[in-house]
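Data block below; observations after.
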Amino acid sequence: MNSEKIRKTFLEFFKSKQHEIVPSAPMVVKNDPTLMFTNAGMNQFKDLFLGNSPIKHSRIADTQKCLRVSGKHNDLEEVGHDTYHHTMFEMLGNWSFGDYFKKEAIEWAWELLTEIYKIDKSRIYVTVFGGDKEDGLEPDNEAFEIWSSIVPKDRILYGSKKDNFWEMGDTGPCGPCSEVHVDIRDDDERKKVSGADLVNKDNPLVIEIWNLVFIEFNRLADGSLKQLPNKHVDTGMGFERLCMILQGTKSNYDTDVFQPYIQTISKLANKPYGKDVKVDIAMRVIADHLRAIAFAIADGELPSNNKAGYVIRRILRRAVRYGYTFLEFREPFVNKLVGVLVEQMGNQFTELAAQKDLIGKVIAEEENSFLKTLETGIHKFEKYVDSHPKDKLIDGKFAFELFDTYGFPIDLTCLMAKEKSLEVDMDGFHIAMEEQKNRSRAAATLDVEDWVVLKEFHEDTVFLGYETLEAEVNPVKYRKVKSKGKEFYQIVLDKTPFYAESGGQVGDRGVLVFGDEKIIVTDTQKENNLSVHIIEKIPTKWSAAKAKVDEKKRLLTENNHSATHLFHAALRKVLGDHVQQKGSLVDEQRLRFDFSHFSKMTDEEIAKVEDIVNDKIRENIFIDEHRDIALDKAKAMGAMSLFGEKYGDTVRVINFDKEFSSELCGGTHVNNTGRIGLFKIISEGAIAAGIRRVEAITGKAAEEYVNSKIKELEEVRQILKNPKETVKALEHLIEEHEAAKKQIELLQKEKMKSVAVELIAKVQNKNGINFLAEKFEISTQQAKDLAFEMKAKVESLFFVVGNVFEGKPGLTVIISDDLVKDKGLNAGNIIRELAKNIQGGGGGQPFFATAGGKDVGGLDKALMEAEKFLG
RNA sequence: GGGGAAUUAGCUCAGUUGGCUAGAGCGCUUGGCUGGCAGCCAAGAGGUCAUCGGUUCGAAUCCGUUAUUCUCCA
């Protein structure tokens, strides 16, 4: 059975059991401060488990693209070394929200695996939760009973809290789970050791494929467990492992999911797969990481230097590093695999096919920049080795500096050390690393207390902000958050006029009035589906409240948001349909829009886009808003949707002239475009390969901007005495200025030359030294020129220049090379002595030194004194 | 969120304890030579040493600010 069929079979099976099949949520998570990437199938249903959102379908199944690289589930360093861990993987899952529980979940799992997929029953082992004293939990005998009616008791094992009690995070929904393991060893191996002894022992051939979680508790911040009102089922089956079992291979990487990449890599590297362990690992790492990076980019997460973008960068670099070290790639290569990836997965995940060029380009750019980083690291390393010729051990601190500051991988440092018969002090490295970790941990304490519930409420907060900026509302729950010594509260309301930050539009500010007490709302944010108002203090007495949004800020923000839609549409008209939104920020001051496009926008293109947008503004188009339209229908109507954005079953469509601009959008907008007033682009630039960023302003801000530019130009024109052609006049002026500057420099040098000629006559020969000490009214730079001029003209010269410039005395000493060598004269030492006379200090090299001082009166004395150094 | 670094000619980068008349290679301009794969030789142009402020007689160099970028950790 090929992988595509396996996936389809799973979804059809659960459809036949009355499950709603939903699409995969984006792999990159937005609106959740605790999570950067989807790391389990249940992520997109978190709000359902927590009771923050109402349940629409009580039975759901899907395949979810997941990424596990950081946080609780961290598999990154394992990937590639074994045959069954991945960064990016698909998780097949079925869910019950307060519907069926253990019995159906277990029976259906068994039916699908043995009846449909026809896995050999004798190879299956299952585990159930064995209880935990600390949490006061009994063994899960219920699950044991259900299983024992299906499988022999000797293949049902009790497991520990670690393996059989599933938790979402430090707090949140959790419960006992039951895992299904399959033993795919050869028969003679199976005879020697029972599979039961190898379950959960990290044996690559006795593996967990399906985890059935029975969620019935909520873990609170104090560590205690609270029974949930409803019981849920949450299951997850690793798609790649399932393919391995059904295709009879011994490694996930030998299935049709990964083989196409490995074969292409093998061809590019000109090395076979399966002959050398290290080469094989490298190929697996690259095949795995390629998928993770490409999916992330397709979801709109570009490699960058912080947060989620940085995680993507690190994954890519890990792939390049393995290719560099073990496959001897010296040129970018990962990007060459994108074509195979699109062929392989483009059908199921259309976002890949649609953005093939962009993905390839971004990866190639990243590879190049990392190869450059490696080069700098090698440079630093060699410099270190050269300056420590006697050492046999490379300082751990230096190795850490290379790693920490220049991003040079530690294993490469070790490798290069080995080539020079050196060793790296790994203990020192690890100590430095530990210090770094402690520092970061100490700084990252975020203390979130449990919610205090004021009113039982399990619906989504009703958003009133499309119609009104003021409303009577009821508080539902609140909690205290401590971060970096600052304390604030988050509060949830049953309904609210406050817009919570999302879709690029910033959150509203305003006030909540409880009785006669005013509480300021500093921001409104979204945590998954929850609208959270940030307040600095809670009211002394809880009651219904009057919510008022800061109107000025909101209206200005709306101007910019609507302008963003017009701009997006105009961009596609001018540049083409390859333009995809890659990021957007809209606040009361400006709008920022990132989009895919492969070259700099020309001045003409920018002008044209501005023109179209301003035309549309003047057309005074009324907003055409559709709420609660089915997603399919909205797309069929031609509304633009974004890759990497999570949409519900029903969406909101915003049209400004539906032939021109139609977008799926939850944000707030102007009633008609005329209110925007004026649209003006103020900057255009690149932020990554293939991604451009434009910033623009609207309304009064745009007017003020244009006026200030005009005023500036007027001022320039006035200064230039109102010429006919301002630009030409200015160019001419600058040219003249440059020429004049050169001329002055030249003249000064000339002048010093002629001064030097006159001075030659004054030079006195004493003890074979041509000596002269004179005072001038010249600048320090001129004194320098004069000194060097004399040095070129007079042999065996010892020349002291005293100068006064801007009221300050200065001294310059120059000595011919032969005197420095033969007589041991040292200008640096001499000037230190002389400078005392002018209350200054100085220094330089043996043949040339300068000094400055404060006392002009001492200059003559200093010049007199110079003579005593003649010896 | 916390730490470490970088920013010098069009490009890639040197520049030691504060004082080298701010440098190298590549590129560019001009002239000359030369049938040979990055031709050779000579001359030359090109710099707000990221920014603003401070310390100092003197700052590319030391201290602080801002901006941008890199990098590690969370």
Side-chain angles (χ1 to χ4, degrees), chain A residues 33-34 36 69-72 74 303-311 313-314 317 366 369-370 372-377 379-380 383 387 397-410 429 432-446 482-486 685-688 738 741-742 745 748-749 752 779-792 801-814 817 826-829 831-832 834-856 858-859 862:
Chain A
T34 63
M36 288 195 287
V69 280
S70 59
K72 193 168 178 265
N74 188 347
S304 77
N305 63 353
N306 55 36
K307 300 273 168 67
Y310 187 58
V311 174
R313 176 171 278 177
R314 270 172 48 198
R317 289 183 171 197
E366 269 301 303
S369 91
F370 183 54
K372 222 156 104 185
T373 302
L374 289 183
E375 223 173 274
T376 338
H379 193 104
K380 295 258 170 213
K383 224 166 140 183
S387 60
K397 268 192 195 143
F398 172 72
F400 182 73
E401 190 194 326
L402 263 184
F403 168 76
D404 179 57
T405 306
Y406 300 99
F408 200 72
I410 184 66
F429 176 82
M433 184 69 141
E434 206 45 47
E435 279 169 14
Q436 151 103 318
K437 285 189 174 175
N438 289 336
R439 245 196 329 260
S440 287
R441 252 195 293 272
T445 49
L446 183 78
K482 265 189 244 172
S483 166
K484 292 184 71 192
K486 271 190 197 162
I687 54 163
E738 288 289 324
K741 235 168 64 180
K742 288 258 154 66
E745 215 173 283
Q748 267 181 356
K749 278 204 169 136
M752 286 310 118
S779 73
T780 315
Q781 182 60 44
Q782 283 175 308
K784 220 177 220 176
D785 287 340
L786 181 61
F788 277 85
E789 205 51 61
M790 287 294 283
K791 182 169 176 258
V801 182
N803 75 308
V804 180
F805 186 65
E806 289 173 349
K808 274 186 169 179
L811 287 165
T812 303
V813 173
I814 195 151
D817 301 341
N826 186 313
N829 295 338
I831 205 135
R832 264 185 278 276
L834 299 182
K836 284 177 188 163
N837 294 300
I838 55 170
Q839 292 183 25
Q845 311 90 65
F847 82 102
F848 176 78
T850 55
K854 294 169 185 165
D855 182 15
V856 181
L859 203 52

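The partner of B:rC33 is B:rG39, by the rule that a Watson-Crick or G-U pair needs both atom distances under 3.5 Å. In this structure B:rA60 sits in no base pair that meets the Watson-Crick or G-U test at under 3.5 Å. Nucleotide B:rU17 forms a pair with no other nucleotide shown, judged by Watson-Crick or G-U wobble geometry with both contacts under 3.5 Å. Under the Watson-Crick or G-U wobble criterion, with both distances below 3.5 Å, B:rG25 is paired with B:rC11. Nucleotide B:rG1: paired with B:rC73 (Watson-Crick or G-U wobble, both distances less than 3.5 Å). Pair assignment for B:rG46: none, as no Watson-Crick or G-U wobble contacts are both less than 3.5 Å.
Nearest nucleotide to the side chain of A:T405, out of B:rG4, B:rA22, B:rG58: B:rG4. For A:F788, whose side chain is taken as the heavy atoms from C-beta onward, the closest listed nucleotide among B:rG4, B:rG3, B:rU21 is B:rU21.
Contact of the A:F403 side chain with the A:F408 side chain is not registered, since no non-hydrogen atoms from C-beta on lie closer than 4.5 Å. Between A:R313 and A:E366, some side-chain heavy-atom pair lies under the 4.5 Å cut-off. By the 4.5 Å heavy-atom criterion applied to side chains, A:F847 and A:K791 are counted as neighbours. Counting only heavy atoms from C-beta outward, the side chains of A:P409 and A:L374 approach each other to under 4.5 Å.
B:rG46 and B:rG39 are spaced 26 Å apart, taking the P atom of each and rounding to whole Å. The same atom, C1', is picked in B:rU34 and in B:rA45; the two are 26 Å apart, to the nearest Å. When the P atom is compared between B:rC26 and B:rG35, the two are found 23 Å apart, to the nearest whole Å. Nucleotides B:rC49 and B:rC40 place their C1' atoms 34 Å apart, quoted to the nearest Å. B:rU66 and B:rG4 have their P atoms separated by 15 Å, with the value rounded to a whole Å. Distance check on atom P: B:rC52 versus B:rC57 gives 23 Å, rounded to whole Å. Spacing of P atoms, B:rA5 relative to B:rA43, comes out at 42 Å, to the nearest Å. Comparing the C1' positions of B:rG10 and B:rU17 gives a spacing of 34 Å, expressed to the nearest Å.
The phosphate of B:rC70 has OP1 or OP2 within less than 4.0 Å of a side-chain N or O from A:R313. Between B:rC73 and A:R314, a contact under 4.0 Å exists linking OP1 or OP2 to a side-chain N or O.
A:F400 comes within 4.0 angstrom of nothing in the nucleic acid, heavy atoms only.
Here the side chain of A:N837 pairs a donor or acceptor atom with the backbone of A:L834 at under 3.5 angstrom.
Summarising the geometry, the separation between OH on A:Y406 and C1' on B:rC13 is reported as 13 Å, rounded to the nearest angstrom.
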